[in-house]
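Both counts, for ligands and for their atoms, begin at 1 and track the order of listing. Model, not experiment: these values are computed from the prediction.
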Amino acid sequence: MRRKITVVGAGFVGSTLVQRLAERDYADVVMFDIVPNMPQGKALDILESGPVLGFDTQVTGTNDYADTVGSDIVVITSGFPRKPGMTRDDLVKKNQEIVSQVTEQVVKYSPECIIIVVTNPLDAMAQIALKVSGFPRERVLGMAGVLDTARFRTFIAQEVGASVRDVQAYVLGGHGDTMVPLARMCTVAGVPIEQLISPERIEEIVQRTRDGGAEIVKLLGTGSAYFAPSASVLQMIDSIMLDKKMIMPCAISLQGEYGIHNLFVGVPAQLGANGLEKVIEIELDAHEREQLNKSVDAVRELVGVMGI
Ligand code: APR
């Protein structure tokens, strides 16, 4: 029997992810949304690209959680973007409600699944999903770090004129203005970027990475990024589905690692068939530690808004 992946939220991120998953051809895919008929329409459209692209993935759209039964992985992308006049705290509360309801239903039908949270504010929403699901932390992951790191790698590759494949980088901390791109550990084919790029330019690239989401929002006019976010979720799913044990930055509920307890923070994590297989602890210098602490404070503040 083929394995099964559910994507909740058939918006930009959700539907783009479903298309990418269909092309992978390693699991059937269910796309859920509350809007009547819309996920069914998008799913059928993606399914009909199968003969052209050569995949046999069954893609189903639904408004009924019963169709998600027995999923191996469930990705939560449902939520509202920030609207004009809405504070960040308003958004947290609104999406907290949505992610709580969704998680309850998901767990009811797929008690053994691995949940990947994408809805923003990411670290806070992952915290909700962990609490409501009652799952062990190995099975509730947040997607942010792969995306932030991809942005960082894009800019470094452009700067030095190298292939993105040769650029290795890590971004730690919360998904927001306080994220910590680890420039010290960034290399191009093993050569530290500090030998290739001036400190001033590195700082500019780090800042552009921090503002990466906002840069896209500004250009789009409405909505937020979805091509790179969906590709980033796909990389996490690849490592889980194929048990590749790849190491990539993910939001993980830390239990003492980096001196942090019971809070979702972006750290390098090894992903495999069991979800989180291992948290990788990198030794940080004083400056990085200070930046990480700031980032952790920002995540705690957001979580505080939710009253959990
Ligand atoms: N259950 C299921 N789906 C829901 C619910 C709910 N309770 N509430 C809203 N949705 C759906 C909407 O109907 C919409 O189709 O979630 C979808 C969100 O899609 P978009 O508005 O297109 O947002 P998108 O760009 O996909 O971003 C989704 O990912 O990167 C983050 O910040 C982004 O939090 C946002 C999320």
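Evaluated by nearest non-hydrogen atom to atom 6 (C) of ligand 1, the leading choice among L91, T77, I98, V35 is I98.
In terms of polar-atom proximity, F32 is not counted as a contact of ligand 1, lacking any N or O under 3.5 Å from an N or O of the ligand. For T119, no nitrogen or oxygen atom sits less than 3.5 Å from a nitrogen or oxygen atom of ligand 1, counting backbone and side chain alike.
Panel note: side chain S110, backbone S71; a donor-acceptor pair is recorded below 3.5 Å.
The nearest heavy-atom contact from the protein to atom 8 (N) of ligand 1 is I34 CD1, 3.5 Å. Atom 27 (O) of ligand 1 has its closest protein heavy atom at V13 CG2, 3.6 Å. The nearest protein atom to atom 11 (C) of ligand 1, hydrogens excluded, is given as D33 OD2, 3.3 Å; this is a heavy-atom distance. Distance from atom 19 (O) of ligand 1 to its nearest protein heavy atom, with residue and atom name: G11 CA, 3.2 Å. Looking only at heavy atoms of the protein, atom 18 (C) of ligand 1 is closest to G79 O, 3.6 Å. Looking at atom 22 (O) of ligand 1, its nearest protein heavy atom turns out to be F12 N, 3.0 Å. At the shortest separation from atom 4 (C) of ligand 1 among protein heavy atoms lies S78 CB, 3.4 Å.
Within 4.0 Å of atom 32 (O) of ligand 1, at least one protein heavy atom is present.
Contact annotation: the side chain of L254 never approaches that of N262 to less than 4.5 Å [non-hydrogen atoms, C-beta and beyond]. Counting heavy atoms from C-beta outward, L122 and V117 have side chains that approach closer than 4.5 Å. At least one side-chain heavy atom of Q255 sits less than 4.5 Å from a side-chain heavy atom of R137. Taking 4.5 Å as the limit, some side-chain heavy atom of V206 sits within range of a side-chain heavy atom of F152.
Enclosure of atom NZ in K245 by more than 12 non-hydrogen atoms of other residues, nucleotides or ligands within 6.0 angstrom is indicated. Under a cut-off of 6.0 angstrom, the local environment of CZ in F12 is sparse, with at most 12 non-hydrogen atoms contributed by other residues, nucleotides or ligands. The number of heavy-atom neighbours closer than 6.0 Å to CD of Q168, taken from other residues, nucleotides and ligands shown, is 12 or below.
The shortest separation from a heavy atom of M38 to ligand 1 is under 4.0 Å, placing the residue in contact.
Think of I216 as one node in a network of Ile, Leu, Val, Met, Phe, Trp and Tyr side chains linked at under 4.5 Å; its network also takes in L220.
Using a 4.0 Å cut-off between heavy atoms, Y226 makes no contact with ligand 1 at all.
Within ligand 1, the atoms closer than 4.0 Å to a non-hydrogen atom of N120 are 30 (O), 31 (C), 32 (O), 33 (C), 34 (O), numbered from 1 in the order shown. Near V102, with a cut-off below 4.0 Å to any heavy atom, the atoms of ligand 1 are 1 (N).
No continuous path of hydrophobic side-chain contacts links V171 to L302 [ILVMFWY only; heavy atoms under 4.5 Å].
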